[in-house]
**Student:** 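Sending over a structure as structure tokens; questions will come in a sec.
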Amino acid sequence: MKQISWAPLGALALAMAVIAPAHAQQKSVAITAIVEHPALDSVRDGVQAALKDAGFEAGKNLKWQYQSAQGNTGTAAQIARKFVGDKPDAIVAIATPSAQAVIASTKTVPVVFSAVTDPVAAKLVKNWEPSHNNVTGVSDLLALDKQMDLVKQVVPGAKRVGVVYNPGEANSVVVVKQLQALLPKLGMTLVEAAAPRSVDVSSAARSLIGKVDVIYTSTDNNVVSAYEALVKVGQEAKIPLVASDTDSVKRGAIAAFGINYRDLGEQTGRMVARILKGEKPGDIKPEISTKMELVVNPGAAEKQGVKLSDALVKSATQVVQ
């Protein structure tokens, strides 16, 4: 019986392995968010979609794991330590508290932050130039003067602007400080109400009744995760709510001129793909999302005691019915 030689097949397999693209090999990405709410969930889904477009698909050539800290910074730190121990090719950290936890846990594993308002103030990076370490990412920083332009369009006579925020969240503190500096120049004043936990959002909002003409909500994670509680107060007390997060308009805010967080996630995912293909995070400059959308909700406006102008509604990217 003639003996069959498998050597040529073995050589062929070896040759194919050599010429196969680097990103065809198994890669791993771990992704964490401080809490689950529509905006941050959209970021996560956008990251996964962009990675798939770049050739990295979960269950095929990509190991993908996701964990939420459920709003708890202690849990965020535990997740960070676990993910660092897993040694993935990249960790994606969504929102400032999760990003701070992950970056504090590793100086070697590539970290890409997303949905962080001010990564410099949060001490994730020293400046907006390439970090030359293991960190890069995408910011959701907004121009607050344009935010206040929208407030004036929704409530033309507004003088007193209320803000509910978590004083323990770095990105929220940055926004409040910027508003403190900006509003007096616009003939407006800021009235603050602290909500250290998401369960505090309702009582914080109620403390503003009679003191404000409008409530402006930033991307504070406690506020966004409990947005329905804020909407309830706005409707009962006829205080208009203007958001910076477009997903909040679907949940009862009157309007938002903000970032599409799915797009932000896709922008983040493209950055992660570059790292999976061999680029170093420290060579990639942090980015800011520049794609803005105006979303309005005339029904919410009516429930909160205001009527939107036809011009504002017509200029909207999306009208929530």
Side-chain angles (χ1 to χ4, degrees), residues 39 117 140-165 172 174-195 201-202 204-220 223-224 226-261 290-321:
T117 300
D140 60 357
L141 185 68
L142 295 172
L144 285 175
D145 53 346
K146 290 184 173 65
Q147 298 293 301
M148 292 306 108
D149 286 345
L150 178 59
V151 166
K152 288 181 176 180
Q153 289 181 72
V154 173
V155 190
K159 295 291 184 186
R160 302 169 300 169
V161 178
V163 62
V164 178
Y165 76 107
S172 302
V174 166
V175 171
V176 168
K177 286 181 178 177
Q178 290 175 342
L179 287 172
Q180 288 169 342
L182 174 65
L183 291 185
K185 298 173 186 174
L186 303 175
M188 305 165 91
T189 56
L190 184 68
V191 184
E192 302 162 31
V201 169
S202 179
R206 290 189 185 283
S207 75
L208 296 174
I209 295 174
K211 300 176 184 175
V212 300
D213 305 310
V214 62
I215 293 176
Y216 170 72
T217 57
S218 70
T219 53
D220 183 283
V223 172
V224 177
Y227 211 83
E228 285 74 14
L230 201 61
V231 171
K232 189 170 186 288
V233 175
Q235 291 178 355
E236 290 174 358
K238 296 293 183 275
I239 303 174
L241 301 178
V242 176
S244 57
D245 161 33
T246 55
D247 284 308
S248 294
V249 181
K250 300 165 192 169
R251 299 166 69 192
I254 293 171
F257 181 60
I259 290 161
N260 180 308
Y261 278 84
T290 55
K291 190 175 178 181
M292 304 290 289
E293 295 182 340
L294 172 63
V295 181
V296 299
N297 186 334
E302 189 177 333
K303 289 176 183 175
Q304 292 164 34
V306 296
K307 188 178 188 308
L308 298 180
S309 70
D310 291 341
L312 182 62
V313 174
K314 285 177 183 175
S315 67
T317 313
Q318 181 184 354
V319 179
V320 176
Q321 300 295 346

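For the numbers below, each heavy atom of this structure counts, side chains included, while hydrogens, waters and symmetry mates do not.
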**Student:** Which pair of non-hydrogen atoms, one from Ser172 and one from Ser218, has the smallest distance, and what is that distance?
**Tutor:** OG-OG, 4.5 Å

**Student:** Please give me the minimum heavy-atom distance between Leu230 and Thr217, naming the atom from each residue.
**Tutor:**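 Scanning both residues completely, I find the closest heavy atoms to be CD2-CG2, 3.2 Å.
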
**Student:** Are the side chain of Arg251 and the backbone N or O of Val224 linked by a donor-acceptor pair below 3.5 Å?
**Tutor:**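 Checked: pair present.
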
**Student:** Return the minimal non-hydrogen interatomic distance between Pro298 and Val320, and the atom names on each side.
**Tutor:** CD-O, 3.5 Å

**Student:** Can you pull the side-chain hydrogen bond (donor to acceptor under 3.5 Å, both in side chains) pairs that have at least one residue in residues 184-195, sequence neighbours excluded?
**Tutor:** Tyr165-Glu192, Gln180-Glu192

**Student:** Kindly say whether Val295 contributes a backbone atom to a donor-acceptor pair with the side chain of Thr317 at under 3.5 angstrom?
**Tutor:**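 No: the side chain of Thr317 does not pair with the backbone of Val295.
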
**Student:** For a quick test of reading the model, state the closest non-hydrogen atom pair linking Met148 to Leu179 and the distance between them.
**Tutor:**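 Smallest heavy-atom distance, with atoms named: CE-CD2, 3.8 Å.
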
**Student:** Less than 4.5 Å apart, side chain to side chain, heavy atoms only: is that true for Glu236 and Ile209?
**Tutor:** no

**Student:** What closest approach, in Å, do Ala253 and Ala243 show between heavy atoms, and which atom pair accounts for it?
**Tutor:** CB-CB, 3.9 Å

**Student:** Going by atom types alone, do Tyr261 and Asp140 pair a side-chain donor with an acceptor below 3.5 Å?
**Tutor:** yes

**Student:** Checking side-chain contact (heavy atoms from CB on, under 4.5 Å) for the pair Gln318/Val249: CA distance, chi angles, key distance, verdict?
**Tutor:** CA-CA 10 Å; Gln318 181 184 354; Val249 181; over 6 Å; no

**Student:** Among pairs that include at least one residue of residues 291-310, which meet side-chain hydrogen bond (donor to acceptor under 3.5 Å, both in side chains), considering only residues two or more places apart or in two chains?
**Tutor:** Asn260-Glu293, Asp263-Lys291

**Student:** Measure the shortest side-chain to side-chain distance between Leu183 and Val161 over non-hydrogen atoms and say whether it is less than 4.5 angstrom.
**Tutor:**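 Result yes, sub-4.5 Å side-chain heavy-atom pair found.
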
**Student:** Before you tell me yes or no, could you show the steps for Ile254 and Leu308 under side-chain contact (heavy atoms from CB on, under 4.5 Å), namely the whole-Å CA-CA distance, both residues' side-chain angles and the distance that decides it to 0.1 Å?
**Tutor:** CA-CA 9 Å; Ile254 293 171; Leu308 298 180; 3.6 Å; yes

**Student:** Show me the pairs that pass side-chain hydrogen bond (donor to acceptor under 3.5 Å, both in side chains) and involve residues 142-152, at least two apart or across chains.
**Tutor:**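 Only Gln147-Tyr216 qualify under side-chain hydrogen bond (donor to acceptor under 3.5 Å, both in side chains).
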
**Student:** Please report the C-alpha distance between Leu312 and Leu294 in whole Å, then the side-chain angles of each, then the deciding distance to 0.1 Å, and finally whether the side-chain contact (heavy atoms from CB on, under 4.5 Å) criterion is met.
**Tutor:** CA-CA 9 Å; Leu312 182 62; Leu294 172 63; 3.9 Å; yes

**Student:** Closest heavy-atom contact between Val191 and Val212?
**Tutor:** CB-CG1, 3.7 Å

**Student:** For Thr246 and Ile259, run side-chain contact (heavy atoms from CB on, under 4.5 Å): C-alpha distance rounded to whole Å, both residues' side-chain angles, the deciding distance at 0.1 Å, then the answer.
**Tutor:** CA-CA 7 Å; Thr246 55; Ile259 290 161; over 6 Å; no

**Student:** When rounded to the nearest 0.5 angstrom, what distance separates CG in Leu208 from CD1 in Ile215?
**Tutor:**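 The CD1 atom of Ile215 is 5.0 Å from CG of Leu208, to the nearest 0.5 Å.
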
